[in-house]
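This report concerns only the one structure given below.
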2 protein chains.
Amino acid sequence: MRPNKRDEIVRKALEVFYHNGFHATGMDLLVKETGISKTSMYRHFRTKEDIILATLRLRDENFRNWLYRRIEAMADTPKEQLLAVFDALEEWFAKPEFRGCMFIKASAEFQESDHPIHAQSAEHKRLLGDHFLKIARFVIARDPEELTRQLMILKEGAIIMAVMGHSDNPARDAKSAAETLIAAHSG
Amino acid sequence: MRPNKRDEIVRKALEVFYHNGFHATGMDLLVKETGISKTSMYRHFRTKEDIILATLRLRDENFRNWLYRRIEAMADTPKEQLLAVFDALEEWFAKPEFRGCMFIKASAEFQESDHPIHAQSAEHKRLLGDHFLKIARFVIARDPEELTRQLMILKEGAIIMAVMGHSDNPARDAKSAAETLIAAHSG
DNA sequence: TGGAGTGTGTACTGATCGGTAACGTTTGTG
DNA sequence: CACAAACGTTACCGATCAGTACACACTCCA
């Protein structure tokens with residue numbers, strides 16, 4: 001079997017789009033940065049938009065897998081796992097390649113809510129929320145949905161503050177807030 | 001005095017950039033949407049980037065003035081004012097022209113942290129945080145800085161969830177979280 | 001009255017946009 | 001070995017990008 005060129009395109013394009021932005025990355029730059037010919041790209045994908053969608057699918061898979069496994073590795077109980085989300089965020093923010101959430105940026109560049117790219121970004125957040133909710137059901141009995149929505153708000157807010165804010169450690173702030181909220185919901 | 005054309009450009013360009021995005025808005029579209037000639041724009045501004053920066057300055061002024069006055073009108077005590085931020089957010093999210101936070105979008109499209117547009121967006125968040133901190137000092141004595149950072153996280157997170165999320169009312173979720181946090185910090 | 005300053009409209013620049021055509025080369029497989 | 005699919009290279013397409021040049025109209029003020 002030949003090494004899968006399509007996957008290679010998606011893998012490399014992901015890095016370029018994440019680092020450079022979507023509109024700001026032209027196909028010529030994509031060719032230069034990935035070292036893959038334009039002919040090859042358009043043999044596997046109809047349009048630039050299709051490439052973007054494929055990178056977002058890969059990013060969704062990579063990020064959710066990483067986060068889920070990370071919080072499982074760091075914590076034993078469901079409650080500790082919910083809090084470990086913010087420890088994982090802290091690790092993410094510290095990575096040198098950290099450039100914010102790719103889906104927030106995608107939905108910022110493609111704003112119409114019925115646009116495929118926007119819809120797919122929203123889907124990523126929905127899947128994350130579903131996973132958190134499953135865990136939250138083990139932690140509290142009354143209104144785990146509200147707690148989950150609030151934890152999502154903390155997570156997204158921490159990401160924004162990590163990109164734009166002046167706070168040293170938004171993940172730690174968010175985690176201590178999460179501790180308070182979980183305690184309040186449990187009481 | 002002639003009516004100030006420069007201000008008119010900034011006012012109208014603000015709407016177009018906010019609705020359409022920065023990279024996605026070309027100068028020709030800007031001319032069409034604003035009804036102002038390209039010659040006139042380049043007489044008042046050297047580059048498109050200068051126009052963007054001017055729109056962000058106006059947006060910062062408009063938004064902060066609106067928010068500050070709104071929470072003053074809605075609440076008497078400092079604690080109620082901090083919570084009224086989220087009532088104001090709810091009003092904002094409900095506006096038909098709501099398209100998320102212009103500064104989050106700007107910093108998503110211009111990612112380099114030393115880019116003037118990115119820096120100006122971060123400055124907006126800093127000014128907001130400073131204002132919240134002044135109020136928070138009246139509410140709690142111990143670590144108002146941390147509470148402020150957490151409220152900022154809630155605010156930014158609520159905006160993201162309003163744009164991408166599936167929750168009905170992220171502002172309400174954020175507000176109830178803020179109530180819990182303030183109570184915890186006060187106790 | 002007559003510039004100076006400000007505005008519009010149109011046409012233009014070179015560069016870049018997303019995407020394609022043609023052609024030769026490599027590579028896995030029958 | 002032979003063939004076909006996959007790949008790279010190069011050149012190209014029309015459209016659009018940010019920005020400029022030029023001719024002309026209006027208004028203010030000396």
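The sequence lines fix the lettering, A, B, ..., with proteins before strands; numbering per chain opens at 1.
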(request) Report yes if a donor N or O on one partner sits less than 3.5 Å from an acceptor N or O on the other, where the partners are the side chain of A/Thr47 and the base of C/dG18; otherwise report no. (result) no

(request) Confirm from the modelled atom types if A/Lys38 and C/dG19 form a donor-acceptor pair under 3.5 Å, side chain to base only. (result) yes

(message) Just the rounded figure in Å: distance from C1' of D/dG8 to CG of A/Leu30.
(response) 16 Å

(message) Need one value for B/His44: base, sugar-phosphate or nothing, where a base atom within 4.0 Å counts as base even if backbone is also close, heavy atoms only.
(response) sugar-phosphate

(message) Within the supplied structure, the quantity of interest is the number of heavy atoms (other residues, nucleotides, ligands) at a distance under 6.0 Å from B/Glu91 CD; does it exceed 12?
(response) yes

(request) Could you check how far CD1 of B/Ile51 sits from P of D/dA18, rounded to whole Å? (result) 10 Å

(message) Please check this pair: side chain of B/Lys105 against backbone of B/Tyr18, looking for a donor-acceptor N/O pair closer than 3.5 Å.
(response) yes

(message) Please report the distance, rounded to the nearest Å, between CD1 in B/Ile36 and C1' in C/dT6.
(response) 13 Å

(request) Determine: side-chain N/O of A/Lys5 to OP1/OP2 of D/dA5, distance under 4.0 Å, yes or no. (result) no

(message) Looking at every heavy atom in both B/Ala158 and A/Ile153, which two are closest together, and how far apart are they?
(response) N-CG2, 3.6 Å

(message) Under 4.0 Å, counting only non-hydrogen atoms across every strand here, what does A/Ser40 touch: a base, just sugar-phosphate, or nothing?
(response) sugar-phosphate

(request) For A/Ile52 and C/dC17, give me the distance from atom CD1 to atom C1', rounded to whole Å. (result) 13 Å

(request) Grab the CG-C1' distance between A/Asp28 and D/dC12 for me, whole Å please. (result) 12 Å

(message) Under 3.5 Å, is there any donor-acceptor pair linking the side chain of B/Arg43 to the base of C/dG7?
(response) yes

(request) Please state whether the base of C/dT20 and the side chain of A/Thr39 form at least one donor-acceptor pair under 3.5 Å? (result) no

(request) Report the residue (A/Ala24 or A/Arg46) whose heavy-atom-nearest nucleotide on DNA chain C is the more 5′ of the two. (result) A/Ala24

(request) Would you kindly give the CG-to-P distance between B/Asn4 and D/dT27, to the nearest whole Å? (result) 18 Å

(message) Less than 4.0 angstrom between a side-chain N/O of A/Tyr42 and OP1 or OP2 of C/dG19, yes or no?
(response) yes

(message) Check this for me, if you would: do B/Arg70 and B/Asp87 make a salt bridge, where the nitrogen-to-carboxylate-oxygen distance has to be below 4.0 angstrom?
(response) no

(request) Might you confirm whether atom CZ of A/Phe138 has over 12 heavy atoms from other residues, nucleotides or ligands at distances under 6.0 Å? (result) no

(request) Please state how far atom CE in A/Met27 lies from atom P in C/dT20, giving the value in whole angstrom units. (result) 10 Å

(request) Would you kindly give the CZ-to-C1' distance between A/Phe22 and C/dC17, to the nearest whole Å? (result) 18 Å

